[in-house]
Amino acid sequence: MDSTRRSADPPLDVEPISVLVVGDPNRRRSLVSGLSDAEGVLVTTAVRGRDGYEWLSSQPGTVDCIVCSLDLPDMSGVSFLETVRAADPDIPVVLLASDGDESVASRAVAADVTEYIPIDDDPSLTDDLFGRIRNAAVEFRTNRTRRHRARQFDALFDDPRAFMWVVAPNGTLRRANRTARTFLDASMESVLETTFADSPWWRDSETNSDAIRNAVRTARNGDIERFETAFEGPDGRIDLDVSFRPVTDRDGTVVSVVVEALDVTERAHLERELRESEELHRVTLNNMTDTVLVTNDAGEFTYVCPNVHFIFGYSVEEIRSLGSIDALLGEDLFDRETLDSNGLLTNIECTATDKAGREHTLLVNVKRVSIQGGTTLYSCRDITKRKARERALTALHRTSRDLLYAETGREIATLVIDDVTDIFDVDDCAIYLFDTDANELWPAAATDAIESAYGTLPTVRLDEPSTLGRTFVEQTTFAFDDVTDSDVFSRTAIEHRSGLFIPLSNHGVFVAADERGTLDEVTREIIDLLAATVEAALDRIEREDELRERDRELQRRNRQLSRLNRTNGIIREIDRALVRADSREEIEAEVCELLTASDRFDFAWVGDRDPGRSSLEPRAWAGDDRGYLDAADFTASGDPAGRTAATDSVTVVSNVASGLSGEPWRREAISRGFQSIISVTLDHGDVAYGTLTVYASRPDAFDDRARVVLSELGETIASAIQTVERKRALVSDTVVELDYEITDSNCVLRVLSQRADCSLELTGGVRESDSGVRILVTVSGRSPADVVASADSVVAIESARVVSTDTDGGLVQLTLTSPFIATRLAESGATLERLRSDGGDTTATVSVPSPVAVRTIDEVFSDVYPSSELVARRKRERQPVTSNQFRTRFLSDITQRQLEVVQTAYYSGYFDSPRTNDGAAVATMLDISSAAFYEHMRKVQRKLLATVFDRIPSIPDGG
């Protein structure tokens, strides 16, 4: 191996380019000679490819470019290239070929040759060849240098002692080191390429995002920006020294900004401790409330504490100019011999005058010392405020004791205002109390000084802006250095007055003002204590008032309870009478009699609306109406009975005398001694039986309890009337039959017959259950299965089921979600005898017993089917009473469930021979078990036989 350097040395700051030439030196003499003579080039030669590779392996990183012949003694140039690439894929290799074989060139390119240059057998170093060799070497060295610097930067970048970021010139984050990433509460991918100033690191720092942007902008302009900041880390606060440094390319253009943050927490902590220590020392010296003085034996000052002005108002120089301690604290403050004997005297109380002429009460401690020529140390503590507080607390205690005997808010306010000047040295005070009815604060008491300054204090409404009202509403104390700035008082000639406005809970406001300026701390403290004492006294009075009110309320409730007991007694008597009554007339008469018996109420009557008139007609009454029934108006705009009938709601008039001029019926009632009235409806279910109206000779005779009780009584009376009418209907011989044509879309049979295109007729089995009403319907002209299928589209039908089938149709059981007309009619004492719909043409027949009003039944039917029309009305005689009674007795002995079971069995063909459906099939229709079905059947059969055999008369002997 041979190395040849150019004769002229390169510049000291330029490292020469190292080139390895592999091949026969005789054939490449001119090339080697030319490279060696070039400036800044170091040439190394090797004849064989193996020699060149071994030298390259032994000198890693020293060759910048390899120039190789295509034909080597031991291998081809392409094989040498492939060997080099296996070891170093980056080093540039220039292959010199003496011919232009394309296959060789392709193989060289495949082996990642840097330059493939066809040349003559013995080329000279042309400018083009040298330029291409040099460019390849320079580019390789540059890239190597960059990689080296990058590794150096990475080593610095991953320094665990520093936070490092790389930021693009536009401010976006490109990279963060591991130390910075440990303090990131988000994924690194989520913050890359986002604005560095808005990244999570600075979210909880002392530096805002604008400062970060300005620092990036400064570095982008080529300058270094540096500052200190802190942010919260996982283990607490971290203080950082942050620098923003620009990174430039060859042309000096800033290509990135490196942000480095060094952890200076420990240094910053020490600096803060030092500053705090210095501040504490300075504050201690300058702000001690006790004043320290040192004198010599002659009493001359040798040391004066800087805070001497706190007590005496003098500066240090002015204190020294006084000459001696006697001029400041007075002569004969203590006995010198005693001090010399004991060395220390404590709590010597004396009085001293400050620079402004104000007297201060002091506690002085005197001690023998030896400090820089001083022999006596005086420690002075101002206890003026404490003494004033003691005097004020003594006076406040006396006032608090007197407040225990006050009985009204005004008495409390007057007592406090009379004693206020003894409690603290403030002349202008007032107490405002709150009037809940007027929604205003009124002056309950005020000192003579404040009234002489401001005149009579006005009331203050809460709906008008004022400091007084604001204090009360917000329950917040307000203080003013100049009360003329507030809007409580009118402006006066008195200037510079400080004031306090203290809320007294929900009772009012305490006001204190002082013409001498800002209230001192002790005075404010005593004022707060006085206000708290006043509030406590007002609380006591309020509690006592509440107790008295509770006593009155208890008495009132006892009276109410007594009245309720009397009312309950009336109700019990009425209930017993309702059980005994056999007719509606007897019920109505008995109720009125019992309500007016024993001076319970003055008058009671029952009325019902006459179909031909708009007013009520009396049906029964008791008590002395004094001609009121003949004189009063019982329409909707008249007496409460008329309003109750019109609105179907309870009407209570607590005081008839209110509004006499507006309603004539009131004059009629009050002239007859009626002062309170209640009217309730007699309703049960959907049936109305009129109104019950009761009159009393005293106002407020009917409270909420009485209203509830009488309302329930009205329903009880209506239920009793309905019961007796049903009983009479069952034994009635005559009934009225009403025929209706129904065109309403809410009629289930009409809708179903239209959709199924068949005839449907109610057969029986109407039964109410938790899920709705079950009915049995006979089907004609269509199979029951088709009807069941059509029922699925009818909203009012919960479910449908085939009971039996015959040649023309059959029987279907329907479960309806809404109330059925048959149950509504039954509640009113009528019976739905027939309901048939033929393809939509629907008719119904209702049987109305003679005791039941046809008008009532017609209203019920019209309420269910508003578009229905009554087309026929006729009377007929019922079946013989004995048969009817037999049927009634039997039906009263069995339950509704038993009736449903036996009806379903009967209509489904269970009793046919042969049976159309067996017991299991019928049980399935009823959603019960077979055992339950047979149990119901046995019970019904047993009761039926019992009813039959109990009615067979005894057969006489020989008959």
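Remember, predicted model here, so these are calculated numbers, not experimental data.
The aromatic ring centroids of Tyr740 and Phe861 lie less than 6.0 Å from each other. Two rings, from Phe634 and Trp605, have their centers less than 6.0 Å apart. Two rings, from Tyr432 and Phe501, have their centers 6.0 Å or more apart. Checked against a 6.0 Å centroid threshold, the rings of Phe601 and Tyr695 do not count as neighbours.
With sequence neighbours left out, Tyr689 forms a ring-ring contact (aromatic ring centres under 6.0 Å, His included) with no residue at all. Not counting sequence neighbours, the partners of Ser837 by the side chain to side chain donor-acceptor pair (under 3.5 Å) test are Ser753, Thr842.
By the 4.0 Å N-to-carboxylate-O rule, Arg540 lies too far from Glu535 to be salt-bridged with it. Salt bridge Asp624/Arg672: absent, no basic N to carboxylate O contact under 4.0 Å. Using a 4.0 Å cut-off between a side-chain N of Lys or Arg and a carboxylate O of Asp or Glu, Arg874 and Asp739 qualify as a salt bridge. A salt bridge does not link Arg543 with Glu546: every distance from a Lys NZ or Arg NE/NH1/NH2 to an Asp or Glu carboxylate oxygen is 4.0 Å or more.
Screening residues 406-415 for salt bridge (charged side-chain N to carboxylate O under 4.0 Å, His left out) gives no qualifying pairs among residues at least two apart or on separate chains.
The environment of CZ in Arg461 is crowded: more than 12 heavy-atom neighbours from other residues, nucleotides or ligands sit within 6.0 Å. Counting non-hydrogen atoms of other residues, nucleotides and ligands closer than 6.0 Å to CZ of Arg897 gives a total above 12. More than 12 heavy atoms of other residues, nucleotides or ligands lie within 6.0 Å of CG in Asp551, so this atom counts as buried by the packing criterion.
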TODO: Please lay out, stage by stage, how Glu573 and Arg600 fare under the test salt bridge (Lys or Arg N to Asp or Glu O under 4.0 Å).
DONE: CA-CA 13 Å; Glu573 291 182 20; Arg600 290 168 173 167; 2.8 Å; yes
Open item on the list: Before you tell me yes or no, could you show the steps for Asp863 and Arg824 under salt bridge (Lys or Arg N to Asp or Glu O under 4.0 Å), namely the whole-Å CA-CA distance, both residues' side-chain angles and the distance that decides it to 0.1 Å?
Closed with: CA-CA 10 Å; Asp863 182 54; Arg824 297 282 299 274; 2.9 Å; yes
Task: Candidate pair Asp545 and Arg550, rule salt bridge (Lys or Arg N to Asp or Glu O under 4.0 Å), full reasoning - done: CA-CA 8 Å; Asp545 290 341; Arg550 288 181 182 178; over 6 Å; no
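Aromatic ring orientation, Phe674 versus Phe603: parallel (interplanar angle below 30°, classes split at 30° and 60°).
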